[in-house]
Amino acid sequence: MAQIRFTPNMQKHIDCPDVNVPGKTVAEVFKAAFKGNPKTRSYFLDKNGGLRVHIAVIVDGIPVKDRRKLTDPVGKDGEVYVMQGVPDA
């Protein structure tokens, strides 16, 4: 299972504990992590399921490339880090 870690700063503002969830892509991992928690989902993802501009996601040390559909692969024991991002100018 993939491990999702949220920065302590984010955990102060929204209910997003670190979790282990199944999934082969960032989209699948997020779907499992946010199941039953639409408020948390909407904090991180827009209405189309893409990352909000203020969110950065790193999978096994590499920033995600597909911010719209979240198709970046996540390994069986992958580590997904979610943090506050700074939008490109």
With side chains defined as the heavy atoms from C-beta onward, is the minimum distance between Thr7 and Val82 less than 4.5 Å? no

Can you check whether Val26 reaches Thr71 side chain to side chain, under 4.5 Å on heavy atoms? no

Between OG on residue Ser42 and CZ on residue Arg52, distance to nearest 0.5 Å: 6.0 Å

Kindly compute the distance separating NZ (Lys39) from CD1 (Ile14), expressed to the nearest 0.5 Å. 5.0 Å

Could I get the full list of side-chain contact (heavy atoms from CB on, under 4.5 Å) partners for [X], not counting sequence neighbours?
{"X": "Met1", "value": "Asn20, Pro22"}
{"X": "Asp60", "value": "Glu79"}
{"X": "Gln11", "value": "Phe6, Cys16, Asp18"}

For residues 27-38, dump all side-chain donor-acceptor pairs below 3.5 Å to protein atoms at least two apart in sequence or in another chain.
| from | atom 1 | to | atom 2 | distance (Å) |
| --- | --- | --- | --- | --- |
| Glu28 | OE1 | Lys24 | N | 2.7 |
| Asn37 | OD1 | Thr40 | N | 3.2 |
| Asn37 | OD1 | Thr40 | OG1 | 3.0 |
| Asn37 | ND2 | Thr40 | OG1 | 2.9 |

Taking all atoms of both residues into account, what is the closest heavy-atom pair of [X] and [Y], and its distance?
{"X": "Thr25", "Y": "Val74", "value": "C-CG2, 3.7 Å"}
{"X": "His13", "Y": "Asn9", "value": "CD2-O, 2.9 Å"}
{"X": "Leu45", "Y": "Leu51", "value": "CD2-CD2, 3.9 Å"}

I would like to know whether Phe44 and His54 meet ring pair (Phe, Tyr, Trp, His ring centres under 6.0 Å); could you show each step before the answer? CA-CA 8 Å; Phe44 294 102; His54 68 284; 7.5 Å; no

Counterpart residues, side chain to side chain donor-acceptor pair (under 3.5 Å), relative to Arg67 (two or more places apart): none

Hydrophobic cluster (4.5 angstrom, side-chain heavy atoms) - remaining members for Tyr81: Ile58, Met83

